[in-house]
Amino acid sequence: MRVQIPVDKLGSLANKVSGIAFIRLPYRPRALAVTSEGVALTGADDFHTAGYYGQGVKVAIVDLGFNGLTAAENAGELDNVVYTHDYTGNGLETGIEHGTGVAEIVADMAPQASLYLLKIGDSVDLQNAVSYCIDNGIQVINHSVGWYNTNFYDGTGVIAETANNARDNGILWVNAAGNEAADGHWQGAFVDSDGDGYLDFGSGTDYLDSDSIDEGDRIYLASGDTVNIYMTWDDWPSSDQDYDLFLYDSFGNMVASSSNYQTGTQPPTEEISYTATASGNYEIVIQNHDAPAMPDIEFFAFTDSGASLNLQYNQPESSIVTPGNSAKVLTVGAIYRGNWTTGPQEVFSSQGPSNASKYAASITKPDICGPDGVSNYTYGSFYGTSAATLHVAGAAALLLSEDSTLTADQLQTKLESNAIDMGAAGKDNLYGSGRLNLVPGPTQDLVGYWKFNEGSGSVAGDSSGLGNDGTIHGASWVSGSPDGSTALSFDGVNDYVEVPDSSSLDITDAITIEAWIKRDVGGTGYGRIVSKENDAQSNDIGYFLQLSSTGTVRLGFANGSSTYISAIGSTVVSTGVWHHIAGVYDGNEIRVYLDGQLDEIGRAHV
């Protein structure tokens with residue numbers, strides 16, 4: 001419940017209203033801060049080609065501000081916003097522009113999805129927004145936002161429960177993992193080797209005393225920087241274990257503190273927000289005020305400006321923020337678009353697992369990774385797990401436009417099962433199930449589509465949906481393909497990809513074969529690109545797309561009974577650059593193309 005009441009009336013309220021155990025401010029979140037390159041990298045363009053643009057799908061962007069929305073709409077970036085609502089009462093386009101940048105990438109991925117933009121400012125707003133989504137048939141919620149001190153980062157608590165409620169009502173909740181892995185996160189046991197009541201971070205000197213035990217986790221602040229520190233411990237939802245939080249400057253002066261009561265009815269949280277009056281080093285200090293059970297502690301720290309803190313004892317593990325640590329939330333990490341096929345994940349991309357507690361077991365997080373560092377009208381270049389999350393939310397809309405019967409559980413399963421595994425084999429706490437990879441379902445005509453975008457391994461996956469995966473023999477992975485991902489390099493002697501025989505590949509009437517190729521050197525021999533035949537002139541079912549002995553495009557086709565046909569182009573495919581080659585047989589004529597230009601026409605003969 002949220003009420004507006006003068007501070008001096010709180011005591012009277014608590015005494016007069018039964019059932020009140022503790023009064024606090026509502027929880028407040030933090031934003032986890034042109035056509036995105038992610039459209040091509042993730043395979044969304046294949047869905048667009050197949051006619052799936054997110055049509056008929058409702059996607060809600062639940063965010064902290066939509067400043068610049070009108071400008072983005074006028075620029076043609078957001079053509080399908082069907083509803084907006086400001087739950088804060090401060091104005092939809094006041095405050096930050098984060099939600100506008102978020103909506104743009106969802107629209108890039110799923111340009112015909114109906115977008116619902118909902119501005120929130122606290123936990124009550126979030127609950128109201130989710131109620132609206134449930135009542136109005138929203139299918140996907142994107143929440144590129146993190147919440148602190150609402151649980152022990154174990155997937156429980158009011159914020160996680162709000163997200164879980166959406167999932168229980170059939171909505172896929174897609175959430176940013178957080179940008180906390182590289183700087184600003186620590187957790188561990190309370191160790192006090194010298195018995196002075198302060199947590200030992202390590203050995204060395206600090207600003208607190210002159211001994212050899214380091215009891216301060218050092219950060220750097222420039223003058224004017226505001227640092228926010230959120231600390232909690234494993235004793236939710238109400239605690240009688242009392243820790244306190246302090247910030248010291250390099251002269252040993254305490255400049256900020258948080259000493260909330262924990263007497264059995266209050267949450268186990270402390271929070272500091274401090275604006276530095278001088279540039280220099282500061283130290284975060286934790287005191288055991290009255291916590292005999294010494295539960296494990298966790299804190300996050302960050303600046304309002306996004307400036308690095310250079311936290312001395314930073315820990316990347318288990319840095320997933322709420323509600324991304326919930327099992328019912330699809331949590332997204334980030335890979336820079338330039339490293340999309342090879343990794344590593346962004347150094348700041350929060351890592352799993354979620355915390356174990358007396359209420360929840362630890363689970364592997366994130367669930368999947370999306371690209372960041374992508375082009376964006378609002379931000380120019382949009383970095384962070386926020387940007388990565390939008391690609392996954394947009395991908396979910398594309399899958400729903402392809403198959404509107406998919407449940408939220410089926411959507412998540414499809415997204416994770418089609419992801420390309422990265423890092424350690426199987427789902428892990430860095431990449432989750434791997435990088436987002438959209439695979440259209442089977443169509444009437446497409447029977448084989450090998451993107452060669454895996455970047456590693458010995459399998460070339462078939463994106464047609466028919467399962468015609470190939471085994472790579474000898475060919476090596478290289479970067480720099482036309483779509484910005486990877487390609488296979490063949491030695492021209494004995495490298496190849498072998499696809500098992502399948503009835504779906506027995507084509508007897510009409511066919512189109514196309515490929516992107518780059519010749520390293522010229523030559524006089526025939527160079528097979530795609531081939532299914534023993535000898536096309538012996539009336540087997542067969543076809544091939546190749547380079548002729550003179551380096552031009554050639555297509556051959558035999559239907560297994562009486563027809564054999566081929567056509568050879570006249571333009572030599574030059575070396576050192578990428579070319580698009582294609583051959584088409586329509587049952588009568590056969591045509592070959594080079595870089596979109598017709599190069600030769602032939603007719604069938606018996």
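Annotation: side chain of Ile134 is in contact with side chain of Asn165 (closest heavy-atom distance under 4.5 Å). The closest side-chain heavy-atom distance from Tyr132 to Leu118 is below 4.5 Å. Counting heavy atoms from C-beta outward, Leu78 and Leu115 have side chains that approach closer than 4.5 Å.
Looking only at atom types and distance, the side chain of Asn149 has no donor-acceptor partner in the side chain of Thr232 under 3.5 Å away. The closest side-chain donor-acceptor pair between Glu416 and Ser433 falls under 3.5 angstrom.
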Hey, mind stepping through Thr303 and Asp225 against side-chain hydrogen bond (donor to acceptor under 3.5 Å, both in side chains) and telling me if it holds?
CA-CA 7 Å; Thr303 61; Asp225 271 350; 5.3 Å; no

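Screening Tyr230, Trp147, Tyr148 for a ring pair (Phe, Tyr, Trp, His ring centres under 6.0 Å) with Phe300, the sole residue that qualifies is Tyr148.
Using cut-offs of 30° and 60° on the angle between ring planes, the pair Tyr379 and Phe382 is tilted.
The shortest non-hydrogen separation linking Ser318 to His185 is O-NE2, 3.3 Å. Nearest approach of Met109 to Thr42, heavy atoms of both residues: CE-OG1, 3.4 Å. Nearest heavy-atom pair, Asn355 versus Asp154, reported as atom, atom and distance to 0.1 Å: O-CB, 3.3 Å.
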Could you pull out every donor-acceptor pair under 3.5 Å between side chains of residues 327-336 and any protein atom, sequence neighbours left out?
{"unit_1": "Lys328", "atom_1": "NZ", "unit_2": "Asp168", "atom_2": "OD1", "d": "2.7"}
{"unit_1": "Lys328", "atom_1": "NZ", "unit_2": "Asp168", "atom_2": "OD2", "d": "3.3"}
{"unit_1": "Thr331", "atom_1": "OG1", "unit_2": "Gly324", "atom_2": "O", "d": "2.6"}
{"unit_1": "Thr331", "atom_1": "OG1", "unit_2": "Lys365", "atom_2": "NZ", "d": "3.0"}

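A cation-pi arrangement is absent between Arg337 and Tyr383, since the terminal nitrogen or guanidinium carbon is not both under 6.0 Å from the aromatic centre and inside a 45° cone about the axis.
With rounding to the nearest 0.5 angstrom, the OG atom of Ser257 is 9.5 Å from the CG atom of Leu247.
Here Trp233 and Tyr243 bring their ring centres to under 6.0 angstrom of each other.
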